[in-house]
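In this text the structure is predicted, and so the values were computed from the model without any measurement. One-based numbering, in listed order, for ligands and for the atoms of each.
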Amino acid sequence: MHIHVLGAGAGGGFPQWNCNCFNCDGLRKGAIKATKRTQSSICVSSDGVNWVLFNASPDVLQQIQDFPALQPARAMRDTGIQAIILIDAQIDHTTGLYMLREGSVKREIYCTDMVYGDLTSGNQALNILGHYCGINHHQVPIDGKTSFTIPNVPNLKFTSVALKSAAPPYSPHRNDPQAGDTIGVLIEEISTGKKCWYSPGLAEVEPHLPELMNQADCIMVDGTFWTDTEMIDLGLMTKTARSIGHNPQTGKNGMIEDLDKFGMNGKSVRKVLIHINNTNPILREDSAERAILNEHKIEVAFDGMDIIL
Ligand code: MLT
Ligand code: MN
Ligand code: ZN
């Protein structure tokens, strides 16, 4: 299985257009050891030709330009993207849908009922896309047991599960969380049995998750914030990381502590943080915070990262 990181940044990317935080300013000036990151998306393939896109980031056109495997190669109008799985309805995961409107072949969209509801009411992205290329909406099961496959990508199997997280700020149920607002997905390559867990929005490793996550050869999880009060401390927001659906890396029940529990039975597991906010000190490759992750054998995703399982 080939997992390609198209965008490892959280909403806003890195640097963020209007941000003067230490990291964003430092990156623009070349004063810190870090690389830019576009917004949150990966793609996955078994044969290297047919890909499933996870999320459609506002940066999707740039991401396609940077990754030839997704580009047209077989017909006048063509793409390596066979289907799109949306893990939530957030702006950084769905705005790129507008950019994928050309052509007459319907886009195959896999998402939960909650996400479909958000993207056909307050935010009309799927309705609008439907007016251009048309869409086929496939309802994604969220019981963590029922797997699904995608016709043109037959060697991959997906098992998704509802996560406790937050619906987007524009959603009518932003403050009234519903099962299916956000999912995590276990991706399995059927022929090899290799598995990857992907959850760029994860507020906590809930009791039902280790059963799925333990199966994975690679765990890609929410790397948004270093501390729970990161945005409050910088005066940028009044909410904690957890309250907007992102488990911070540090502190009790933080992501480092959670990730330390995986791979303890001798199985080699890659642990990768993704969806990293531009304020997070782990973006600086020579930071003390990055050194702590290194000690815990936790990697920080970057744009263009390839993971072959
Ligand atoms: C999130 O991950 O919490 C959101 O994408 C934030 C945002 O849309 O800016
Ligand atoms: Mn986000
Ligand atoms: Zn910033």
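Considering only heavy atoms from C-beta on, H131 stays 4.5 Å or farther from L129 through its side chain. Between M1 and L156, the closest side-chain pair of non-hydrogen atoms falls below 4.5 Å. Between I142 and V161 the shortest side-chain heavy-atom distance does not fall below 4.5 Å.
Annotation for ligand 1: atoms under 4.0 Å from non-hydrogen atoms of D92 are 5 (O). Applying the 4.0 Å criterion to heavy atoms of H275 picks out, from ligand 1, the atoms 2 (O).
Annotation: K261, atom NZ; neighbour count of heavy atoms from other residues, nucleotides and ligands within 6.0 Å is above 12.
For atom 6 (C) of ligand 1, the choice among H93, K239, Q90 with the nearest heavy atom turns out to be Q90.
Closest to the Mn ion (ligand 2) among the N, O or S atoms of D92 is OD2.
Remark: the N136 side chain and the Y110 side chain contain no N/O donor-acceptor pair separated by less than 3.5 Å.
Atom 3 (O) of ligand 1 has H246 NE2, 2.8 Å as its closest protein atom, hydrogens excluded (heavy atom only). Looking from atom 9 (O) of ligand 1 to the surrounding protein, the closest heavy atom is G11 CA, 4.3 Å.
Taken to the nearest 0.5 Å, the CD atom of E102 stands 7.5 Å off from the CZ atom of R77. Taking CD1 from I42 and CD1 from I307, the interatomic distance works out to 8.0 Å, rounded to the nearest 0.5 Å.
Metal site remark for the Mn ion (ligand 2): H93 contributes no N, O or S atom at a distance under 2.8 Å. Among the backbone and side-chain atoms of N278, an N/O/S atom is found under 2.8 Å from the Zn ion (ligand 3).
Rounding to the nearest 10°, we obtain 110° for the angle at the Zn ion (ligand 3) between C21 SG and C24 SG.
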